[in-house]
Amino acid sequence: MKEEGFQKRSEEKLVKKSYNCGKCNDTGWILAPQEHSAPIAISCSCRELDRIKTDWERSGIKTEQSNLTFSNFCIWNESSGRAKDIALAYYKDFNSIRRTRKNSILFCGQVGSGKSHLSIALALNFLRKNVKVVYMPYRDAIMKIKQNIMDDEYYQKIISKYQLAEVLLIDDLFKGKISESDISIIFEILNYRYLNNLPIIVSTECVVDKLLYIDEAIGSRIYEMSKDYIMEIGKGKENNYRLR
Ligand SMILES: Nc1ncnc2c1ncn2[C@@H]1O[C@H](COP(=O)(O)OP(=O)(O)OP(=O)(O)O)[C@@H](O)[C@H]1O
Ligand SMILES: [Mg+2]
Ligand SMILES: [Zn+2]
């Protein structure tokens with residue numbers, strides 16, 4: 001009896017020590033049999049998942065944001081339907097427009113209408129397609145940059161991360177009080193991307209007129225870049241998903 005118990009426990013141990021990926025035994029490779037030659041090694045799908053996970057961590061998107069997908073975005077009124085259509089059209093067109101000036105998308109207007117949700121849904125899809133997105137949560141990012149404005153090296157490093165990203169997602173742009181230095185930091189990032197035709201995804205409570213009013217140089221660049229994919233969500237509680 002004692003013996004049996006011991007055997008059972010060591011079997012359990014063996015099972016626990018098994019591989020994360022049963023397909024490739026964690027080697028990353030699978031041998032694919034060939035009809036007329038020796039088997040060839042092909043990359044296992046778990047490697048792809050690892051890559052997505054790493055890219056995701058690098059992007060700055062948090063785990064709790066992983067449920068902000070297109071399939072979790074329901075069409076519950078006219079404007080949510082339109083917003084989703086524009087987001088999906090942008091995703092579909094991305095490869096053919098990405099190197100042009102008009103390669104960006106803007107979700108603006110009503111609070112709680114799903115602007116951040118759709119922006120992140122796009123980012124998650126891009127990451128899956130190996131397009132490296134960098135997530136810039138506007139308020140936190142700008143605060144961090146300003147706290148380190150005296151540290152030249154850090155400042156340059158963080159600004160270049162946002163300037164050079166394959167796709168930059170600026171979430172909740174101009175949320176809260178805006179100072180001159182906020183504007184000049186955003187301009188530095190945005191103008192670089194504008195001049196180099198690098199795409200942005202922007203979510204903001206400010207409608208286009210408000211963006212232009214806050215800073216015409218910034219507003220007009222965002223407008224030009226996202227001209228073909230602007231979703232302005234009408235202000236009104238009827239468009240606030242949180243209050244539905
Ligand atoms: N159509 C929708 N289907 C499912 N969930 C939604 C939808 N619209 C919004 N939500 C959810 O409602 C909450 C608010 O949405 P979100 O943060 O995207 O709004 P927002 O427009 O960015 O608001 P804010 O202006 O306050 O930043 C989120 O939890 C989001 O997942
Ligand atoms: Mg938001
Ligand atoms: Zn594997």
Side-chain angles (χ1 to χ4, degrees), residues 17-32 39-54 59-91 105-125 133-143 168-178 186 200-211 214 222 226 229-244:
K17 261 183 83 182
S18 66
Y19 301 102
N20 291 324
C21 178
K23 282 194 279 182
C24 68
N25 293 353
D26 296 348
T27 61
W29 297 98
I30 297 175
L31 284 178
I40 55 168
I42 55 167
S43 181
C44 180
S45 58
C46 68
R47 284 190 149 193
E48 181 64 2
L49 288 175
D50 278 350
R51 179 193 63 70
I52 292 173
K53 202 163 157 264
T54 315
S59 76
I61 296 175
K62 303 208 172 68
T63 322
E64 61 265 30
Q65 291 171 310
S66 62
N67 63 337
L68 302 176
T69 57
F70 281 125
S71 45
N72 287 340
F73 189 89
C74 56
I75 295 171
W76 65 290
N77 61 11
E78 194 265 336
S79 75
S80 59
R82 235 166 1 109
K84 192 172 182 176
D85 282 349
I86 291 180
L88 288 169
Y90 177 72
Y91 184 65
I105 183 164
L106 169 66
F107 300 97
C108 60
Q110 174 60 36
V111 169
S113 59
K115 307 181 298 290
S116 295
H117 187 134
L118 284 174
S119 306
I120 289 165
L122 275 172
L124 296 177
N125 276 292
V133 182
V134 169
Y135 180 65
M136 179 184 186
Y138 168 77
R139 269 194 84 145
D140 293 352
I142 211 95
M143 208 155 53
L168 178 68
L169 162 48
I170 310 177
D171 198 15
D172 292 328
L173 175 67
F174 292 142
K175 191 146 210 146
K177 247 172 80 192
I178 312 154
I186 290 297
I200 50 173
I201 301 170
V202 178
S203 99
T204 174
E205 222 179 284
C206 308
V207 296
V208 174
D209 279 345
K210 179 85 184 284
L211 288 173
I214 292 171
I222 294 179
S226 36
Y229 307 89
I230 295 183
M231 179 60 207
E232 198 168 298
I233 299 149
K235 299 252 178 169
K237 290 199 176 71
E238 69 281 4
N239 285 331
N240 190 335
Y241 186 83
R242 295 185 185 113
L243 304 174
R244 76 199 174 287

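Predicted, not measured: the structure shown is a model, and the values here were computed from it. Atoms within each ligand, like the ligands themselves, are counted from 1 in listed order.
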Backbone N/O of [Y] and side chain of [X]: donor-acceptor pair under 3.5 Å:
X	Y	result
Lys115	Gly109	yes
Asn72	Asn67	yes
Glu48	Ser45	no

Interatomic spacing from [atom1] in [X] to [atom2] in [Y] - rounded to 0.5 Å:
X	Y	atom1	atom2	value
Glu238	Ser113	CD	OG	11.0 Å
Asp50	Asn20	CG	CG	8.5 Å
Glu232	Gln110	CD	CD	12.0 Å
Leu168	Ile201	CG	CD1	8.5 Å
Arg244	Asn77	CZ	CG	11.0 Å
Ser119	Leu106	OG	CG	9.0 Å

With heavy-atom distances below 4.0 Å as the criterion, list the atoms of ligand 1 near [X].
X	result
Trp76	1 (N)
Leu68	31 (O)
Gln110	21 (O)
Lys175	24 (P), 25 (O), 26 (O), 27 (O)
Val111	23 (O), 25 (O), 26 (O)

Identified side-chain contact (heavy atoms from CB on, under 4.5 Å) partner of Ser80 from the options Leu118, Asn239, Ile233, Ile75: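 It is Ile75; the other options fail the test.
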Protein heavy-atom partner closest to [atom] - residue, atom, separation in Å:
atom	result
atom 25 (O) of ligand 1	Lys115 NZ, 2.7 Å
atom 10 (N) of ligand 1	Tyr241 CD2, 3.1 Å
atom 17 (O) of ligand 1	Arg242 NH2, 3.5 Å
atom 27 (O) of ligand 1	Asp172 OD1, 2.8 Å
atom 4 (C) of ligand 1	Asn72 O, 3.2 Å

List-wise, which protein N, O or S atoms are found short of 2.8 Å from the Zn ion (ligand 3)?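 Metal shell, protein only: Cys21 SG, Cys24 SG, Cys44 SG, Cys46 SG.
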Hey, is ligand 1 close enough to [X] that some N/O pair sits below 3.5 Å?
X	value
Ser80	no
Gly114	yes
Ser113	yes
His117	yes
Gly112	yes
Cys74	yes

Atom of Leu173, atom of Thr204 and distance for their closest heavy-atom approach: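 Answer, listing the atom of Leu173 first, then Thr204: O-OG1, 2.9 Å.
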Minimum heavy-atom distance Cys108-Cys206, with the two atoms named: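 So the two residues come closest at CB-O, 3.2 Å.
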Decide yes or no for Cys21 and Asp26: does some side-chain heavy atom of the first lie under 4.5 Å from some side-chain heavy atom of the second?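 When only atoms from C-beta onward are counted, Asp26 and Cys21 do touch, with a gap below 4.5 Å.
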How about Tyr135 and Asp171: do any of their side-chain heavy atoms sit closer than 4.5 Å?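 A side-chain contact exists here, since the closest heavy-atom pair is under 4.5 Å.
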Are there more than 12 heavy atoms of other residues, nucleotides or ligands under 6.0 Å from atom NZ of Lys210?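 No, NZ of Lys210 has 12 or fewer neighbouring heavy atoms, counting only those of other groups under 6.0 Å.
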Is the Mg ion (ligand 2) less than 2.8 Å from at least one N/O/S atom of Asp172?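 An N, O or S atom of Asp172 is closer than 2.8 Å to the Mg ion (ligand 2), so yes.
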Tell me whether the Mg ion (ligand 2) has Ser116 as a neighbour, meaning an N, O or S atom of it below 2.8 Å.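 Checking Ser116: at least one N, O or S atom is under 2.8 Å.
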Hey, is atom 29 (O) of ligand 1 touched by any protein heavy atom at less than 4.0 Å?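 When distances to the protein are checked, atom 29 (O) of ligand 1 has no heavy atom within 4.0 Å.
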Kindly indicate, with the supporting measurements, whether the criterion side chain to side chain contact (heavy atoms under 4.5 Å, CB included) is fulfilled by Ile42 and Trp29. CA-CA 6 Å; Ile42 55 167; Trp29 297 98; 5.6 Å; no
Please verify whether a non-hydrogen atom of Lys84 lies at under 4.0 Å from ligand 1.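 Heavy atoms of Lys84 never come under 4.0 Å of ligand 1.
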